[in-house]
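Structure record follows, encoded as structure tokens.
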Amino acid sequence: MDAIQRTLESQLMKRLAPQKVLLLFGARRVGKTFLVNQIVRNFSGKTMSLNGEDADTVAMLEPMSIANYRHLFQNVDLLAIDEAQHIPDIGRKLKLIVDEVPDIRVIASGSSSFDLKNQAGEPLVGRSTQFTLLPLSQQEISSVETALDTKRNLEQRLLYGTYPEVVTLDSFEQKKEYLYDIVDAYLLKDILAVDGIKNTSKMRDLLRLIAYQMGSEVSYDELGRQLGISKNTVESYLDLLQKVFVLYRLGGYSKNLRKEVTKSSKWYYVDNGIRNAVIRDFKPLSLRSDDDRGALWENYIITERMKRNHNNR
């Protein structure tokens, strides 16, 4: 399959401006690095690319002085920093760079939104714009497949989701193994690295319970009773799962806005494939219950709408 252009690329290119920072958030493996590299390749001025996981990058940015940053980034028109959340005090460093280096533009990406937002949010008020990159949308995939292909591939999308590499893998076994790897080695690693998450089994159990209640109104009290933890802990876990782009909360609707605040929410997975990997179930639709088929379809439709909103701002 040809490389799929991300809709967000044009939005990011439009927003690149001197003395401004673009913050790009998203789960691991959704294509942030690829997208940032595309923007760097298509940019006409002088560029510099750094990786926050590289010790040399961290050491280079450590002396937080105007003289250091002007020396490092002299004549750089676009600075791109991948995995920026790994750089200590990244928010203040980015603020100093865009305030003191003439005409520099910055794009910084990170997989843990809670981390990068917390570090970068306050120092960059008025200097940054935030974007979220999600798995591939059907609108994006349609640029490289026919309407007939889309119809034929629909069941695959409902079962295996639309992470970029999953869409390009040929065998169902490869897709499965890839999704297991994402869940076990990346998503849960991001979640469980957070201070205060001590009971990893409860977090996994919560993910499974949400997987089985997808599209249904969720009671935090009931989830707490089932898991043997407090309602407040359930809410904090769900909030964290939303921040690391595993789950998506859809609030209740009411014509009475006061009632809407207290209505129960529904929770969806940001990707169908991740949901099925969490419960280790990739059975074809023909072998699933009507309820489960309906839940997969509803989740797919909701996430496609969410991607459209994010991609088109």
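Just so it is clear, the values below take in all heavy atoms, side chains as well, and ignore hydrogens, waters and symmetry mates. Note that the coordinates shown come from a computational prediction; the quantities given were computed from them, not determined experimentally. Sequence positions, counted from 1, serve as the residue numbers for this chain.
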Nearest 0.5 Å, what's the [atom1]-[atom2] distance between [X] and [Y]?
{"X": "Y237", "Y": "L247", "atom1": "OH", "atom2": "CG", "value": "14.0 Å"}
{"X": "L22", "Y": "R105", "atom1": "CG", "atom2": "CZ", "value": "10.5 Å"}
{"X": "T129", "Y": "I107", "atom1": "OG1", "atom2": "CD1", "value": "10.5 Å"}
{"X": "N75", "Y": "M48", "atom1": "CG", "atom2": "CE", "value": "10.5 Å"}

* Asked: Near K151 NZ, under 6.0 Å, is it more than 12 heavy atoms from other residues, nucleotides or ligands?
  -> no

* Kindly check if the number of other-residue, nucleotide or ligand heavy atoms within 6.0 Å of CD (Q139) is above 12? => no

* To do: Answer with yes or no after comparing the ring centroid distance for F282 and Y180 against a 6.0 Å cut-off, counting only values under it.
  => yes

* Asked: Does N312 reach the main-chain N or O of R308 with its side chain, forming a donor-acceptor pair under 3.5 Å?
  -> yes

* Donor-acceptor contact present, side-chain K32 to main-chain A27, <3.5 Å -> yes

* side chain to side chain donor-acceptor pair (under 3.5 Å) evaluation trace for S230 with T233 -> CA-CA 5 Å; S230 71; T233 301; 2.8 Å; yes

Is [X] salt-bridged to [Y], going by a charged N under 4.0 Å from an acidic O?
{"X": "D281", "Y": "R275", "value": "no"}
{"X": "D184", "Y": "R280", "value": "yes"}
{"X": "K176", "Y": "E173", "value": "yes"}

* Structure fact -> Which of N68, I104, V106 passes side chain to side chain contact (heavy atoms under 4.5 Å, CB included) with F73? Answer is I104

* Taking the six-membered ring of F131 (Phe, Tyr or Trp), confirm whether the NZ or CZ of R15 is under 6.0 Å from its centre and within 45° of its axis. => no

* Do we get R157 above Y300's six-membered ring, with its NZ or CZ under 6.0 Å from the centre and within 45° of the axis? -> no

Taking atom types as modelled, is there a side-chain donor on [X] or [Y] under 3.5 Å from an acceptor on the other?
{"X": "T146", "Y": "D149", "result": "yes"}
{"X": "E83", "Y": "Q85", "result": "yes"}
{"X": "D82", "Y": "T33", "result": "yes"}

* Trace of the side chain to side chain donor-acceptor pair (under 3.5 Å) decision for E145 with Q138 -> CA-CA 10 Å; E145 71 178 14; Q138 183 55 50; 3.1 Å; yes

* **Closest non-hydrogen atom pair, P164 against G31** => CG-N, 4.5 Å

* Could you pull out the closest heavy-atom pair between T303 and V270, with the gap in Å? => CG2-O, 3.5 Å

* D205 and R208: CA distance, side-chain angles, deciding distance, salt bridge (Lys or Arg N to Asp or Glu O under 4.0 Å) verdict -> CA-CA 5 Å; D205 290 342; R208 282 194 284 267; 2.6 Å; yes

* Asked: Going by heavy atoms in the side chains, are L159 and R288 under 4.5 Å from each other?
  -> yes

* Scan Q156, K307, E140 and name whichever one has a side chain to side chain donor-acceptor pair (under 3.5 Å) with T162. => K307

* Apply the test side chain to side chain donor-acceptor pair (under 3.5 Å) to residues N42 and E9: give CA-CA distance (whole Å), side-chain angles for both, the deciding distance (0.1 Å), then the verdict. => CA-CA 10 Å; N42 294 332; E9 184 179 337; 2.9 Å; yes

